[in-house]
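Computed from a prediction, not measured in an experiment: that's the story for all the values here. Computation of the quantities below employed the complete heavy-atom set of this structure, encompassing side-chain atoms and omitting hydrogens, waters and symmetry-equivalent molecules.
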Protein chains: 2
Amino acid sequence: MNLVFKALSDPTRRHILQLLRKKPMNAGELAEHFPIAKSTLSAHFAILREADLIQANKSGTVITYMLKVSVLEEALLAFAETVGIGMPKPLPLKRAMGKAK
Amino acid sequence: MNLVFKALSDPTRRHILQLLRKKPMNAGELAEHFPIAKSTLSAHFAILREADLIQANKSGTVITYMLKVSVLEEALLAFAETVGIGMPKPLPLKRAMGKAK
DNA sequence: TTCATAATTCGTTATTTAGCGAAATATAGG
DNA sequence: CCTATATTTCGCTAAATAACGAATTATGAA
């Protein structure tokens with residue numbers, strides 16, 4: 001959870017997550033949305049990956065990233081509970097779908 | 001919102017919020033829960049105050065801190081929405097209670 | 001006023017962080 | 001094989017961060 005909150009502490013990274021929310025994107029496409037060097041963005045991707053908030057998928061020379069919503073959700077909910085915020089877990093739409101523990 | 005997430009990025013500060021969740025406490029009481037210098041804790045309080053996550057109340061030489069749950073809640077919900085997490089706003093228990101905008 | 005207590009502020013230090021450009025890596029296509 | 005493209009890794013720097021102990025401030029009590 002610490003890694004998640006560390007990852008969320010940077011505005012650029014939160015913005016990346018927001019963009020990925022709409023649809024998976026590759027590093028280049030994401031870069032178009034930011035005025036910073038690609039190498040810098042790459043470092044942000046690494047941090048998001050270490051926090052398990054995004055998933056990388058390489059195809060040819062292109063790496064496509066997609067948001068792992070559930071990980072984000074779990075972290076926020078877990079913390080919310082410890083501070084007594086009533087955020088009811090969204091009901092799972094499907095049961096027994098083999099959600100890894 | 002940035003200040004809130006910055007504040008939440010440190011484990012000690014998240015722990016402080018969790019402690020304050022149970023009941024308001026003064027700086028000294030809080031300090032007993034941590035193995036770090038009081039001056040360091042004081043800095044953490046300042047950061048939490050700037051993020052508007054806690055409220056300080058001075059009485060005599062003692063400063064009592066209390067958690068501002070609503071601020072935390074709003075920030076988490078606001079962000080959750082931008083990343084498409086369905087965290088329904090908890091229904092307000094009382095309406096028209098003069099909630100400051 | 002003087003003393004003790006609670007907490008903050010100050011000055012310093014070590015570590016982490018975000019940023020850059022250049023170099024390296026990997027892959028597809030000619 | 002050679003070149004172009006996508007992305008990462010490397011080496012660096014400036015700024016932010018968390019930590020400490022010492023000094024300072026504020027208050028209540030003797």
Looking at [X], I'd like to know whether one of its side-chain N or O atoms comes within less than 4.0 Å of OP1 or OP2 on [N].
{"X": "Thr40(B)", "N": "dA19(D)", "value": "no"}
{"X": "Asn26(B)", "N": "dA7(C)", "value": "yes"}
{"X": "Tyr65(B)", "N": "dA6(C)", "value": "no"}
{"X": "His44(B)", "N": "dA19(D)", "value": "yes"}

Send over the distance from [X] [atom1] to [N] [atom2], rounded to a whole Å.
{"X": "Ile36(B)", "N": "dA7(C)", "atom1": "CD1", "atom2": "C1'", "result": "14 Å"}
{"X": "Lys6(A)", "N": "dA18(D)", "atom1": "NZ", "atom2": "P", "result": "7 Å"}
{"X": "Glu29(A)", "N": "dA6(D)", "atom1": "CD", "atom2": "C1'", "result": "12 Å"}
{"X": "Met25(B)", "N": "dA7(C)", "atom1": "CE", "atom2": "C1'", "result": "17 Å"}
{"X": "Leu41(B)", "N": "dA6(C)", "atom1": "CG", "atom2": "P", "result": "15 Å"}
{"X": "Asp10(B)", "N": "dT17(C)", "atom1": "CG", "atom2": "C1'", "result": "14 Å"}
{"X": "Asn57(A)", "N": "dT7(D)", "atom1": "CG", "atom2": "C1'", "result": "15 Å"}
{"X": "Glu32(A)", "N": "dT5(D)", "atom1": "CD", "atom2": "C1'", "result": "14 Å"}

query: Does the separation of the ring centres of Phe34(B) and His44(B) fall below 6.0 angstrom?
result: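 Between Phe34(B) and His44(B), the centre distance exceeds or equals 6.0 Å.
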Tell me if a side-chain donor or acceptor on [X] pairs with a main-chain N or O of [Y] at a distance below 3.5 Å.
{"X": "Lys58(B)", "Y": "Ile63(B)", "value": "no"}
{"X": "Ser9(A)", "Y": "Lys6(A)", "value": "yes"}
{"X": "Arg14(B)", "Y": "Leu8(B)", "value": "yes"}

message: In the structure I gave you, are the side-chain heavy atoms of Leu77(A) and Glu73(A) within less than 4.5 Å of one another anywhere?
response: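 Yes - at least one pair of side-chain heavy atoms lies under 4.5 Å apart.
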- prompt: Should Ile47(B) and Leu76(B) be counted in the same cluster of Ile, Leu, Val, Met, Phe, Trp and Tyr side chains packed under 4.5 Å apart?
  reply: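 In one cluster with Ile47(B): Leu76(B), no.
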- request: Is it possible for you to say whether Val71(B) and Phe45(B) belong to one hydrophobic cluster, with membership spreading through side-chain heavy-atom contacts below 4.5 Å?
  value: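 Looking at the clustering, Phe45(B) is in the same group as Val71(B).
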message: So if I define the base as every atom that isn't primed, P, OP1 or OP2, how would nucleotides 22-29 of chain C read as a B/S/- string at a heavy-atom cutoff under 4.0 Å?
response: B---SBS-
Nearest-nucleotide pick for Arg13(B), side chain only, options being dT8(C), dC20(D), dA18(D):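 Comparing dT8(C), dC20(D), dA18(D) against the side chain of Arg13(B), the answer is dA18(D).
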- prompt: So what does Ile47(A) touch, heavy atoms closer than 4.0 Å: a base, only the sugar-phosphate, or nothing?
  reply: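 The residue Ile47(A) makes sugar-phosphate contact but no base contact.
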